[in-house]
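Note that ligands are numbered from 1 as they come in the structure, with each ligand's atoms numbered from 1 the same way. In this chain, numbering begins with 1 at the start of the sequence shown. The model shown is predicted, which means the values in this text are computed figures rather than measured ones.
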Amino acid sequence: MFACHPTCRTYGLHDKPLGSVARQDRTVLQEWQVILQILANNIKPRSLRLSFICDTRDLQTARGIVESLGCLPLLRDCSIRLGQIPDWSSSALARSMSLQLTGKTPQNLGHPTTLHLPDEVLEHILSFTELVAPFQLEWCPVRGLSPFDCCKTCTDSLLGCCCSFYHAAYATGCTCWRLPLPLFLVSKRMHRIATSIFYSKNTFFIATIHRNCVMWSPEKPLSAPTITTQFFNRLPSNALPHLRSITVGFLDFWPQSAFTHLAITDWRQGIDIMAKSLDLSKFTLSLQIDVPRYPEDECLQACRSIVHSLIHLGRIKRLFVYLSGQSSRYYKTKGKQFETILEKTVLGDDYDAVLHGKYDVNFPLWYDGYSREGPIFQADGRKVWDPKEHGNSDYDYEDYLNFM
Ligand SMILES: [Zn+2]
Ligand SMILES: [Zn+2]
Ligand SMILES: [Zn+2]
């Protein structure tokens with residue numbers, strides 16, 4: 001997990017977390033009370049967006065400082081961080097105060113009434129919840145489905161992240177997607193319906209070779225890419241028949257990697273699992289293959305060997321092949337043709353991927369499939385942080401190890 005927001009790391013050391021015993025800490029608390037009174041007496045209700053970052057040493061301090069915020073009038077937006085490391089109790093404190101201060105505290109409307117709804121109605125309602133993510137859900141063996149970086153809408157300052165996934169924090173403006181676990185835990189019936197929606201309405205992205213995934217892994221980099229089979233083996237077995245859409249990304253692609261015995265074996269075993277357990281007639285498979293700007297024969301041969309393995313899969317509903325490098329001249333002429341040839345090899349000459357919605361269904365990834373720390377833009381569009389300038393990968397990795 002990141003120590004803190006990338007912009008914050010770039011600027012170096014932080015203050016120590018606040019406690020309530022040391023004299024310095026008590027002075028800080030007194031000063032804060034004065035500032036708070038000025039704010040409370042002068043701000044107009046529902047106009048201030050407050051980002052409050054106070055990493056605390058213990059829960060008691062966290063509780064005290066959160067309660068002090070209660071004197072403020074209603075705010076427009078509120079994010080509160082009480083510690084760098086995720087912590088359920090502090091996050092819950094931050095959450096209840098943020099909601100209270102923005103007038104969003106949920107009303108208790110008595111007993112849930114879902115029991116009386118027929119399955120189809122409940123399914124329809126649940127398909128509008130976070131069970132259906134707005135992105136392709138990228139899966140990696142180390143982190144599972146979790147997003148890797150701050151949504152960058154959690155605070156206005158960009159200096160400190162207040163996403164509850166990464167810190168003991170809560171932000172009313174956070175737009176990070178999270179697996180809505182509570183929905184799966186309501187009852188057996190809800191679990192069954194939630195499982196079917198979650199696996200059938202999302203597209204899962206499996207990054208077979210992923211520079212960042214390996215780099216951020218607390219374990220040694222994976223020597224053998226066995227990621228496709230791991231994905232299927234780790235899913236609950238009752239989930240497999242629900243799967244409707246998977247993208248397999250051959251990222252950081254270099255021809256040798258696709259030719260290694262282990263990589264090909266993993267891919268073929270993955271295909272065997274799909275053939276055995278998925279409902280192929282409803283299944284869409286997308287392949288995203290990174291190729292150099294002007295791929296040589298060896299690379300094209302590797303693409304063929306990846307796609308040709310699918311001939312034994314059986315008739316799937318749709319196959320989309322995307323070769324990267326859309327901006328290159330090669331792609332505009334030969335690249336697209338090559339994609340079409342590959343698709344037709346598997347699904348026959350009559351198959352037309354474009355008619356089947358090839359360019360309609362290319363959902364964005366959470367970020368870009370490579371880096372969770374994309375450039376950071378201010379609201380006016382000015383770029384305030386660029387990972388290429390400030391955070392070369394060696395530095396980040398060391399930083400990460402120190403934090404662990
Ligand atoms: Zn920081
Ligand atoms: Zn954040
Ligand atoms: Zn967020």
Side-chain angles (χ1 to χ4, degrees), residues 1-12 14-15 17 48-56 62 66 69 75-88 90-99 101-102 104 129-138 140 143-183 202 212 216 363-387 390-391 396 399-400 403:
M1 213 51 72
F2 296 120
C4 61
H5 199 283
T7 44
C8 186
R9 270 187 299 158
T10 313
Y11 297 122
H14 310 100
D15 298 336
L48 183 73
R49 295 203 300 265
L50 177 71
S51 301
F52 178 78
I53 295 181
C54 177
D55 296 334
T56 49
V66 164
L69 294 169
L75 304 173
R76 200 164 122 200
D77 265 321
C78 177
S79 39
I80 299 177
R81 186 173 97 192
L82 300 166
Q84 295 245 347
I85 296 163
D87 172 76
W88 193 86
S90 304
S91 286
L93 279 177
R95 179 172 187 273
S96 77
M97 186 50 78
S98 299
L99 294 178
L101 286 174
T102 47
K104 291 177 183 163
T129 65
E130 285 199 315
L131 283 171
V132 185
F135 306 95
Q136 291 198 31
L137 290 176
E138 189 180 328
C140 113
R143 289 166 174 267
L145 287 177
S146 53
F148 289 10
D149 196 6
C150 162
C151 58
K152 300 181 184 97
T153 55
C154 56
T155 64
D156 282 342
S157 69
L158 289 174
L159 284 177
C161 166
C162 288
C163 301
S164 51
F165 196 86
Y166 302 102
H167 306 288
Y170 184 83
T172 49
C174 172
T175 52
C176 292
W177 178 87
R178 269 172 223 98
L179 178 72
L181 196 59
L183 288 178
N202 286 304
N212 277 40
W216 292 107
F363 277 115
L365 275 176
W366 185 272
Y367 279 108
D368 58 7
Y370 292 93
S371 164
R372 298 295 174 177
E373 296 188 24
I376 296 170
F377 297 95
Q378 268 184 184
D380 64 3
R382 195 165 64 87
K383 200 189 223 184
V384 290
W385 187 77
D386 179 359
H390 295 292
D396 283 347
D399 205 27
Y400 172 72
F403 176 65

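Atom OG of S79 and atom CD1 of I53 lie 7.0 Å apart (nearest 0.5 Å).
For residue C163, an N/O/S atom approaches the Zn ion (ligand 3) to within less than 2.8 Å. Among the atoms of H167, no N, O or S atom is found under 2.8 Å from the Zn ion (ligand 2).
Remark: side-chain polar atoms of D87 are not paired, donor with acceptor, to backbone N or O of A168 under 3.5 angstrom.
Applying the side-chain contact (heavy atoms from CB on, under 4.5 Å) test to R49 and every residue at least two apart in sequence or in another chain returns R76, D77, D156.
Annotation for W177 and E130: closest pair NE1-O, 2.8 Å, computed over non-hydrogen atoms.
Annotation: angle subtended at the Zn ion (ligand 3) by C174 SG and C176 SG is 100°, to 10°.
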